[in-house]
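Here the structure is laid out as structure tokens; the discussion comes afterwards.
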Amino acid sequence: MDYEKLAELLFPHIDKTPEEIEAMYPPRELPEGAKVTRLGPSPTGFIHLGNLYGAFVDERLAHQSGGTFYLRIEDTDDKRYVEGAVETITSALKFFDINFDEGAEMEGGAYGPYYQSQRGEIYQTFVKDLVKRGQAYPCFLTEEELAEIRAEQEAAKVTTGIYGEYARCRDLTYEEIEANIAAGKPYVIRIKSKGNQVDPAHCCHESGAACTTRSGAKCVNHDGTMYIHVNDAIRGEVAMPANDQDVIILKATGIPTYHFAHVVDDHLMRTTHVVRGEEWLMSLPIHVELFDKCGFPLPTYCHTAVLMKIDEETGGKRKLSKRKDPELSLDYYRNEGYHPQAVKEYLLTILNSNFEEWRMANPDASIDEFEFTTEKMSSGGALFDLDKLNDVSKDVLLKIPAAELAEFMAGWAAEFRPELAPLFDGSADASYGPEYLAKILDLGRDGKKPRKDLIYAKQIFEFIRYFYDDYFVIEEPVPEEVSDEDAREILQRYLDSYDHSDDQSQWFDKIRAIAVDLGYAAKPKDFKKHPEDYKGHVGHVSTVIRLAVMGRTQSPDVWEIQQILGEERTRARIEALLI
RNA sequence: GGUCCUAUGGUCAAGCGGUCAAGACACCGCCCUUUCACGGCGGUAACCCGGGUUCGAUUCCCGGUAGGAUCACCA
């Protein structure tokens, strides 16, 4: 077979050589040890927590080392394309403060184009070269034939796929190929796998001995099968049988498969670390063989664990699914109003096992100061824990200044709860507004033991809504220790003695006086000791007031709340109950 | 089914041949307290099973079991 001639027959329009392409993508000029990472989403328009998890690893690895993090759109499957998807992806990541240095939709970047759909000529140049070297061939197998082969293999209980004797098109003559093409038969290009049987010419055959492949992976024989050993930055050395499938590298459309695009792009774009989900681990042998055949060095792989959750139905662990689990969608967190910092910080706690420890030792340090390492990543799938997220969020929000939080709340409302927006920007009522909101959010946050009530925007609004008249309602009944008559009496006396300028202790002294006067213990302890002597205690009395002003029995300090509400609103709420 | 990954309390996790097996979240109790939160103190709770190797295995090896991943002209 004249491979040179075959290559020309297949790719007459390709006139560049791999060397010429290679020259267009010179090694990057970066400091020693700098890592180059990339995010390669397919433009389905859906970005989920797993993407963010991975993107975060990419971003940290690159930016921590003075390297480059770029965005490459893997749109080799035209069926999947969704309009505006790239914008969705970049804006979602930007929301979480994850930014690219170069790539799709960005100015500059010497390693583009960053859309795989625009790199056809590049891939074909390398495919043509492979054909020319007898390492790849056209395959005319139809869907029916493929199904037939598969059925045959299943019946014989052997591994399915196109390999060895099943690779029927492998040894087609030039004339046969030419005739097929002339007849207009569609075809794909497959690699001619070297197989995984022991090959003394290529590999070690002394038991246990290993040799290094061109790409840098090691291979060693196991019981007649060649195994490849690759060092994964997260998992350590992983071993699996070498690839023996004549995998497709170019589809009938002339577009490469993920496998081939990955190899060519990550090589040309000089990616040093390939971060991707565990679901790719099994195709590693294919990639090793591809890197080998192309003569490219292997990048460092970082196969991240899959995020899991407990399935309500079965009670078992399972991979988060975008269909069943709304919390997987990044939109869920934006919708609930989680602060991006909180999500990031939580992600970091499941990403690096020593992060929490570091955070406790450095409560005020920026995340950027934490030294993130792939070695500290867990290789098992972590369960997503909403409780933990909430806990982390409380601490994160505590460190954000109230004014900034108010802004965040307003932004959230504008996007997800438009009816609340006028409330927060003051356009509904001049006495409300950003400053009012900031004061509310700052309530009880000062001092040595600040409150940690705030978790996410939706929850925060629920927590503070009584500050806004339109959302103020009496939600609970008065405590059973207090009769209706007493309740009325308490409120009447409270209103009569109310002086907005009282300080906190003057204010509480008055409540205490009312309590004692009506037969309630001045101190809860007295009541506990001699419950028979009292109707209740001062706590019950203040609950009545709390209920009148806040509408609920539980809230932060009443005096402080009243100071924010202002005298007018405070009096009005009590008066409303005395009518 | 083949192959690969994983296996410490309910969850996330330290551990890397000798520990009374850390810590965090959640949960429970007590204290603080006019409620709630915060905070403090304390508590319940774990090395999947079976073989080895070893003076000694949670830790190393083998087997089993369980969970997960993957077997496309999808990425």
Side-chain angles (χ1 to χ4, degrees), chain A residues 40-44 74-77 79-80 116 139 141 143 146 150 154 157-161 186-190 225 232 235 238-241 245 247-253 255-259 261-262 276-285 303 305-306 308-310 316-319 346 349-350 353-357 359-360 376 378-392 394 398 443-445 447-454 463 479 508 511-512 515 520-525 537-543 545-547 550 552-559:
Chain A
S42 58
T44 56
E74 314 216 327
D75 52 354
T76 53
D77 181 17
K79 289 187 286 289
R80 283 209 191 188
Q116 290 185 330
C139 172
L141 256 22
E143 256 180 74
L146 254 15
R150 184 181 190 82
E154 277 168 2
K157 289 199 193 325
V158 298
T159 306
T160 57
Y187 64 93
V188 299
I189 303 291
R190 292 181 184 274
T225 304
D232 186 286
R235 292 155 195 272
V238 293
M240 51 191 96
Q245 300 264 345
V247 291
I248 295 173
I249 55 178
L250 213 58
K251 305 185 224 176
T253 53
I255 295 170
T257 55
Y258 167 85
H259 304 301
H262 152 55
R276 39 143 77 151
E278 185 187 354
E279 66 268 24
W280 289 109
L281 198 52
M282 295 307 291
S283 45
L284 193 52
H303 288 99
V306 169
M308 320 243 256
K309 76 169 279 176
I310 295 287
K317 266 193 188 183
R318 64 147 224 267
K319 186 178 173 180
Y346 169 68
T349 67
I350 54 177
S353 55
N354 54 331
F355 176 76
E356 277 192 272
E357 197 182 316
R359 176 48 90 202
M360 272 187 270
K376 285 289 182 183
S378 159
S379 51
L383 277 189
F384 189 78
D385 187 351
L386 216 55
D387 278 330
K388 187 81 178 184
L389 201 213
N390 288 342
D391 183 67
V392 169
K394 285 181 189 175
L398 188 57
L443 212 166
R445 297 211 311 164
K448 191 86 179 79
K449 294 186 293 186
R451 303 185 63 94
K452 295 183 186 173
D453 301 305
L454 315 178
F463 188 71
F508 193 65
I511 293 179
R512 199 164 255 152
Y520 294 83
K523 292 181 177 173
K525 274 183 180 160
H537 61 75
V538 67
H540 299 124
V541 174
S542 61
T543 296
I545 296 163
R546 189 183 302 277
L547 218 33
M550 268 70 80
R552 43 181 92 164
T553 59
Q554 300 177 351
S555 81
D557 186 76
V558 176
W559 181 82

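Atoms considered below: every heavy atom in the structure, side chains included; atoms not considered: hydrogens, waters and symmetry mates. Just so you know, these numbers come straight off a predicted model, no measurement behind them.
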Of all the choices, [options], which nucleotide is nearest to the side chain of [X] once you look at every atom?
| X | options | result |
| --- | --- | --- |
| A:Ser542 | B:U34, B:C25, B:C38 | B:U34 |
| A:Arg451 | B:A24, B:A37, B:U34 | B:A37 |
| A:Ile248 | B:G15, B:C73, B:A26 | B:C73 |

If you measure from [atom1] on [X] to [atom2] on [Y], what distance do you get to the nearest 0.5 Å?
| X | Y | atom1 | atom2 | value |
| --- | --- | --- | --- | --- |
| A:Thr257 | A:Ile189 | OG1 | CD1 | 11.5 Å |
| A:Tyr187 | A:Ile248 | OH | CD1 | 13.5 Å |
| A:Glu74 | A:Thr44 | CD | OG1 | 12.0 Å |
| A:Met282 | A:His303 | CE | NE2 | 11.0 Å |
| A:Arg276 | A:Leu284 | CZ | CG | 6.5 Å |

Between [atom2] on [N] and [atom1] on [X], what's the gap in Å once rounded to a whole number?
| X | N | atom1 | atom2 | answer |
| --- | --- | --- | --- | --- |
| A:Gln245 | B:U70 | CD | P | 17 Å |
| A:Leu141 | B:C73 | CG | C1' | 12 Å |
| A:Tyr258 | B:A72 | OH | C1' | 15 Å |
| A:Glu143 | B:C74 | CD | P | 10 Å |
| A:Arg512 | B:U35 | CZ | C1' | 14 Å |
| A:Asn354 | B:C16 | CG | C1' | 15 Å |
| A:Ile249 | B:A75 | CD1 | C1' | 17 Å |
| A:Gln554 | B:C38 | CD | C1' | 14 Å |

By nearest heavy atom, map A:Leu250 and A:Val558 onto RNA chain B; which one lands nearer the 5' end?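 Checking each residue's closest nucleotide, the 5'-ward one belongs to A:Val558.
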
Most 5' of A:Val538 and A:Asp391 on RNA chain B, judged by nearest nucleotide: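 The residue closer to the strand's 5' end, by nearest nucleotide, is A:Asp391.
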
Contiguous Watson-Crick or G-U pair runs (3 or more, under 3.5 Å) in RNA chain B: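 Listed by first number, the stems are B:1-7 with B:65-71, B:10-12 with B:23-25, B:27-31 with B:39-43, B:48-52 with B:60-64.
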
OP1 or OP2 of [N] sitting under 4.0 Å from any side-chain N/O of [X]?
| X | N | answer |
| --- | --- | --- |
| A:Thr257 | B:C74 | no |
| A:Ser353 | B:A14 | yes |
| A:Arg445 | B:A37 | no |
| A:Lys394 | B:C38 | yes |
| A:Lys388 | B:A13 | no |

Taking atom CD as the centre, does A:Glu357 end up with more than 12 heavy-atom neighbours from other residues, nucleotides or ligands that are less than 6.0 angstrom away?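 For A:Glu357, atom CD is not crowded (no more than 12 foreign heavy atoms under 6.0 Å).
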
Does A:Tyr346 form a side-chain contact (heavy atoms from CB on, under 4.5 Å) with A:Asp391? I'd like the steps, not just the answer. CA-CA 9 Å; A:Tyr346 169 68; A:Asp391 183 67; over 6 Å; no

Considering all heavy atoms, the nearest [X]-[Y] contact:
| X | Y | value |
| --- | --- | --- |
| A:Pro450 | A:Leu398 | CG-CD2, 3.6 Å |
| A:Thr543 | A:Gly539 | OG1-O, 2.7 Å |
| A:Ile545 | A:Ile511 | CD1-CD1, 3.8 Å |
| A:Thr76 | A:Pro256 | CB-O, 3.6 Å |
| A:Ala522 | A:Val538 | O-CG1, 3.2 Å |
| A:Ser555 | A:Arg546 | OG-NH1, 2.8 Å |

Mind checking A:Thr543 for me? I need base, sugar-phosphate or nothing, with any heavy atom below 4.0 Å counting as a touch.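 Nothing: the residue A:Thr543, judged by heavy atoms under 4.0 Å, touches no strand.
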
So what does A:Arg276 hit on the nucleic acid, given a heavy-atom distance under 4.0 Å: a base, only sugar-phosphate, or nothing?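 Nothing: the residue A:Arg276, judged by heavy atoms under 4.0 Å, touches no strand.
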
What integer number of Å spans the [atom1] atoms of [N] and [M]?
| N | M | atom1 | value |
| --- | --- | --- | --- |
| B:C61 | B:C74 | P | 40 Å |
| B:U59 | B:A21 | C1' | 11 Å |
| B:G43 | B:C5 | C1' | 37 Å |
| B:A69 | B:C27 | C1' | 33 Å |
| B:U53 | B:A66 | C1' | 26 Å |
| B:A13 | B:G23 | C1' | 8 Å |
| B:A14 | B:G9 | C1' | 13 Å |
| B:A24 | B:A57 | C1' | 28 Å |

Expected rows: protein N/O vs nucleotides 39-46 of chain B N/O, under 3.5 Å:
{"unit_1": "B:G39", "atom_1": "OP1", "unit_2": "A:Lys452", "atom_2": "NZ", "d": "2.8"}

Using the ring-ring contact (aromatic ring centres under 6.0 Å, His included) rule, take A:His537 and A:His540 through it: C-alpha gap first, then chi angles, then the decisive distance, then the call. CA-CA 6 Å; A:His537 61 75; A:His540 299 124; 4.1 Å; yes

With the criterion being N/O to N/O and under 3.5 Å, what pairs connect the protein with nucleotides 3-5 of chain B, and how long is each?
{"unit_1": "B:C4", "atom_1": "OP1", "unit_2": "A:Tyr227", "atom_2": "OH", "d": "3.1"}
{"unit_1": "B:C5", "atom_1": "O2'", "unit_2": "A:Arg235", "atom_2": "NH1", "d": "2.7"}

